[in-house]
Amino acid sequence: MKKIKLYEPEDQMLELIRDNYNVLQSLSAFGIGMGFGAKTVREVCDTHSVDTFTFLAVVNLTINGYHSQNDIHHLNVQTLLRYLQASHRYYIEFQLPFLRKELTEALAEDDRMSELIIRLFDEYARFITHHMRYEEQTLFPYVEDLLKGGHRENYSIETFSKHHDQTGEKLKELKSIIIKYLPSDPKRSNLLTATLYDIYNLEEWIALHANVEEAIFIPAIKELEKTNLPEQTIPGLSSLISTADNGETLSEREKDVVLGVVQGLTNKEIADKLFIAPNTVITHRRNIARKLQIHSIAGLTIYAIANKLVEL
């Protein structure tokens, strides 16, 4: 159980980890290794050239959900930038490949359902990687320019916000499909349970990563933009994760549309087959995605197989 406490510079670093082991992830992203003995947070941060105030802002947000707008002026953006860059390397170079290997080992070989689940995971991994690469290639250089006192007239944090949504939907879909539709295999049950646990952890950490960007990093960049471009106004950032769940009861017509999608038909081909307008097909597909919380063809295929709409 998480201990609710706002940590301060004179607290022992070891105390933070004892209270919540998730701090280990933050330590790694800040470039702080083990072996710090009984040193305080301030002492450990100073040793690793990490801004103590910024470190605690991230830790208190990820552990307790605490942040204050009054803290924005005291944040070190360069420290935040290094933290986010290291987090990206962890997800792209280690966590996603590790989880894919774990998932592959947990699923049955030469099985169509397993292939579809792996495909769904690969879609998610590509989506997350693309999102993070966009930040690395576009947002981070923009922030570095701001730190040097410059700016780009064709870019702002508003531009970034348009690329910063729904990164968690595909992982939520994968998790739900494994729980709902994957046949039980006693020989692989422990492997699959452990993998599912890791997927839940990844989902939580992706959400926390986005929360750090939204609640701390984005406001800090806005302050930089105000310094360089006083007249610029900046809208708020949209929410990362959608939590809607409206059940999964489909009408007969919606099931027909699912079948057409699974068969690889275009919206027009589905419309011609069902004698309805293409716009009606589009409306049905939106309703299907809303009801099932499934947004990919692979996910719909698994749904269709599990509900005997099609044969393997």
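Not measured: the values here are computed from a predicted model.
- Pairing each heavy atom of A57 with each of L75, the nearest pair is CB-CD2, 3.7 Å.
- R112 has a carboxylate O that lies under 4.0 Å from a charged side-chain N of E115, or vice versa, which qualifies the two as a salt bridge.
- Of all heavy-atom pairs between E254 and S251, the closest is OE1-N, 2.9 Å.
- In this structure, K268 pairs ionically with D272, as a charged nitrogen and a carboxylate oxygen lie closer than 4.0 Å.
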Let me check something: any side-chain donor-acceptor pairs from residues 91-98 under 3.5 Å, sequence neighbours excluded? List them with distances.
| residue | atom | partner | partner atom | Å |
| --- | --- | --- | --- | --- |
| Y91 | OH | W205 | O | 3.2 |
| Q95 | OE1 | Y90 | OH | 2.6 |

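- With values rounded to the nearest 0.5 angstrom, E203 atom CD is found 9.5 Å from L174 atom CG.
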Worked check of ring-ring contact (aromatic ring centres under 6.0 Å, His included) between F127 and H295: CA-CA 13 Å; F127 185 82; H295 307 270; over 10 Å; no
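- Taken to the nearest 0.5 Å, the NE2 atom of H130 stands 12.5 Å off from the CE atom of M132.
- Among all heavy-atom pairs drawn from A271 and P278, the shortest one is CB-N, 3.6 Å.
- More than 12 heavy atoms of other shown residues, nucleotides or ligands fall within 6.0 angstrom of atom CG in L309.
- Note on R133 versus E136: salt bridge recorded, some NZ/NE/NH1/NH2 to OD/OE distance being below 4.0 Å.
- Rounding to the nearest 0.5 angstrom, the gap separating the CZ atom in R285 from the CD1 atom in I282 is 8.5 Å.
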Determine, stepwise, if the pair E135 / Y142 fulfils side chain to side chain donor-acceptor pair (under 3.5 Å). CA-CA 9 Å; E135 293 184 9; Y142 169 71; over 6 Å; no
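- By the 4.5 Å heavy-atom criterion applied to side chains, D51 and F30 are not counted as neighbours.
- Residues V58 and L80 have side chains in contact (heavy-atom distance under 4.5 Å, counting atoms from C-beta outward).
- Residues D11 and L6 share a closest heavy-atom pair of OD2-O, 4.4 Å.
- With rounding to the nearest 0.5 angstrom, the CD atom of E123 is 13.0 Å from the CD1 atom of I128.
- With Y7 as the partner, the side chain to side chain donor-acceptor pair (under 3.5 Å) test is satisfied by one option alone out of D19, N60, N64, N20: D19.
- Residues that satisfy the side-chain contact (heavy atoms from CB on, under 4.5 Å) test with D256, not counting sequence neighbours, are R253, L274.
- I177 and L191 fall into different hydrophobic clusters, defined by Ile, Leu, Val, Met, Phe, Trp and Tyr side-chain heavy atoms under 4.5 Å apart, directly or through other members.
- Note that the OG1 atom of T54 and the CG atom of N76 stand 5.0 Å from one another [nearest 0.5 Å].
- In terms of heavy atoms, I216 sits closest to I72 at O-CD1, 4.3 Å.
- For the pair L107 and S114, the tightest heavy-atom approach, listed with the atom from each and the gap, is CB-OG, 3.6 Å.
- Taken from CD1 in I178 to CG in L192, the straight-line distance is 6.0 Å, to the nearest 0.5 Å.
- In this structure D71 satisfies the side-chain contact (heavy atoms from CB on, under 4.5 Å) test together with F53, Y66, S68, sequence neighbours excluded.
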